[in-house]
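One structure is given below, encoded as structure tokens.
Residue numbering restarts at 1 for every chain, and letters A, B, ... go by the order of the sequence lines.
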There are 2 protein chains.
Amino acid sequence: MIESRPKPAVDPRIERSRQVILQAALDELSESGYGSLTIESVARRAGVGKATIYRHWPDKIALIADAFKLLQQQRDPELVTGSPREKLERVLRHVADVVSDSPFSSCLPALIEGAERDRAVRRFHHHFQTEARKPTIALIADGIATGDFPPRIDPELAAFALLGAIFFCRLMTNAPFPEERVPTLIDTVFNSSG
Amino acid sequence: MIESRPKPAVDPRIERSRQVILQAALDELSESGYGSLTIESVARRAGVGKATIYRHWPDKIALIADAFKLLQQQRDPELVTGSPREKLERVLRHVADVVSDSPFSSCLPALIEGAERDRAVRRFHHHFQTEARKPTIALIADGIATGDFPPRIDPELAAFALLGAIFFCRLMTNAPFPEERVPTLIDTVFNSSG
DNA sequence: TCGTAGCGATACGTCAACGTATCATAAAGC
DNA sequence: GCTTTATGATACGTTGACGTATCGCTACGA
């Protein structure tokens with residue numbers, strides 16, 4: 001039997017522990033934040049012995065980095081169809097929804113803090129955000145090409161403005177960006193419709 | 001002598017301690033973040049006895065809240081003149097500058113984290129940001145009234161988009177928003193010029 | 001069915017920060 | 001000058017997290 005991955009027959013207990021611990025770490029990050037997370041509280045929350053955590057991760061930073069990676073992977077991109085304007089609206093509605101209320105949203109302050117303090121977190125945070133932005137930028141470029149959007153705008157800057165407005169609202173005001181306001185936001189930034 | 005404020009003749013040592021300690025707290029927030037700040041490290045950095053801090057603040061949260069208040073007050077608003085477009089450009093250049101490199105910028109992640117964890121920090125953070133946004137919104141509304149800006153845009157949303165792009169860049173990418181790109185940002189959001 | 005190995009629980013010594021108390025020093029105010 | 005008072009330094013007991021070690025237990029794989 002030729003198999004490229006011999007499947008090292010990993011003990012399922014290992015993977016189960018990993019998942020339970022990482023999820024508990026995310027819950028802790030959401031509740032206590034980056035600087036106040038402790039291995040012991042994660043272990044308590046996960047219903048796991050401290051030693052089990054140290055078996056899988058050398059230190060707190062490695063655990064947090066893995067937890068954030070899991071968080072990023074949980075943000076599934078949404079496939080949308082329709083006109084560029086319709087696609088953009090759906091994508092931004094989804095972003096507004098996720099940024100308003102989701103595990104990602106509740107961990108966002110801790111993620112920002114983590115990226116500021118730890119090089120590894122910062123690296124994949126920026127990398128992942130860059131990747132997550134690409135479809136939006138491409139969407140805007142498409143819309144310009146088809147004439148749906150004004151021709152002179154800079155797609156990257158437009159994406160910064162649209163996404164930035166939503167994130168800004170979450171972090172700097174007392175109310176998240178309401179999904180229903182997405183069309184008006186697009187109208188404002190693209191100065192279209194009426 | 002009639003004086004509305006009798007000046008309670010406060011011992012200058014008290015005010016000096018307050019300032020030194022608050023500045024040290026800001027430095028700690030910038031370096032260690034919200035959750036990892038300790039009273040002892042602030043005392044060490046300020047060259048002050050621990051007891052002096054406890055004499056002035058009941059706990060860590062009160063100290064941090066006061067430190068953030070000082071930080072906000074240090075952001076002096078800039079008075080600008082010229083056409084609405086020129087004024088807006090100068091204001092946004094100033095914002096891009098402050099958000100890229102300043103005590104405010106280096107404390108921003110800690111401020112976001114602090115606002116998430118502590119109700120008092122959150123309240124004045126949101127309040128101050130709302131106040132700081134008002135001139136920009138008014139500026140945009142003025143520009144619409146004078147015909148410098150497109151008539152149909154929502155001034156508040158436009159401000160969210162412009163400011164949001166700058167903050168988004170600081171927090172979600174590996175490079176702060178370059179000041180020189182402010183004109184292009186305005187052009188993109190207002191779809192004007194060429 | 002049996003040996004292996006990952007597990008939870010627990011105990012351990014270490015360390016750092018907590019918040020309080022004390023004390024001489026020195027600056028402030030009269 | 002003399003009293004008051006805020007200060008820096010230091011010591012204190014307490015707490016909680018660190019990271020390691022041990023030990024039955026049991027799910028796994030053969």
Exercise. Taking DNA chain C as the partner, which of residues 39-49 of chain A come within under 4.0 angstrom of it by heavy atom?
Worked result: A:G47, A:V48, A:G49
Problem set entry | Which residues share a side-chain contact (heavy atoms from CB on, under 4.5 Å) with A:E15, sequence neighbours left out | A:R18, A:Q19
Problem set entry | Among C:dC7, C:dG6, C:dC18, the nucleotide that comes nearest once only the side chain of B:K60 is considered | C:dC18
Exercise. Who pairs with A:R45 by side-chain hydrogen bond (donor to acceptor under 3.5 Å, both in side chains), at least two apart in sequence or on another chain?
Worked result: A:E28, A:E31
Exercise. Of all of residues 18-37 of chain B, which get a heavy atom below 4.0 angstrom from DNA chain C, listed by number?
Worked result: none
Exercise. Checking B:H125 side chain against B:G114 main chain: does a donor-acceptor pair fall under 3.5 Å?
Worked result: no
For this session: Spell out yes or no: do the side chain of B:K50 and the base of C:dG19 have one donor N/O and one acceptor N/O closer than 3.5 Å?
Result: yes
Problem set entry | side-chain contact (heavy atoms from CB on, under 4.5 Å) partners for B:A25, two or more places apart | B:V42, B:L63, B:A67
Exercise. What integer distance in Å separates B:R16:CZ from D:dG8:C1'?
Worked result: 11 Å
Exercise. Got a sec, which pairs hit salt bridge (charged side-chain N to carboxylate O under 4.0 Å, His left out) with one end in residues 118-132 of chain B, sequence neighbours left out?
Worked result: B:E131-B:K134
Exercise. What pairs with A:F160 under ring-ring contact (aromatic ring centres under 6.0 Å, His included), at least two apart in sequence or on another chain?
Worked result: B:F168
Problem set entry | Residues that B:T173 engages under side-chain hydrogen bond (donor to acceptor under 3.5 Å, both in side chains), provided they are two or more places apart | none
Seminar exercise, completed: With sequence neighbours left out, the residues meeting ring-ring contact (aromatic ring centres under 6.0 Å, His included) with B:F177 are none
For this session: For residues B:R117 and A:L29, report the shortest heavy-atom separation together with the two atoms involved.
Result: NH2-O, 3.4 Å
Problem set entry | Rounded distance in Å - CD1 (B:I53) to P (D:dA9) | 12 Å
Exercise. Residues in ring-ring contact (aromatic ring centres under 6.0 Å, His included) with B:F68, at least two apart?
Worked result: none
Seminar exercise, completed: Rounding to the nearest 10°, end axes of the helix from C:dT1-D:dA30 to C:dC30-D:dG1 built from five pairs each make an angle of 40°
Close N or O pairs between protein and nucleotides 23-27 of chain D (under 3.5 Å):
| from | atom 1 | to | atom 2 | distance (Å) |
| --- | --- | --- | --- | --- |
| D:dA27 | N3 | A:R13 | NH1 | 3.3 |

For this session: Determine: side-chain N/O of A:T52 to OP1/OP2 of C:dG6, distance under 4.0 Å, yes or no.
Result: no
Exercise. For the side chain of B:S36 and the backbone of B:G33, is there at least one donor-acceptor N/O pair under 3.5 Å apart?
Worked result: no
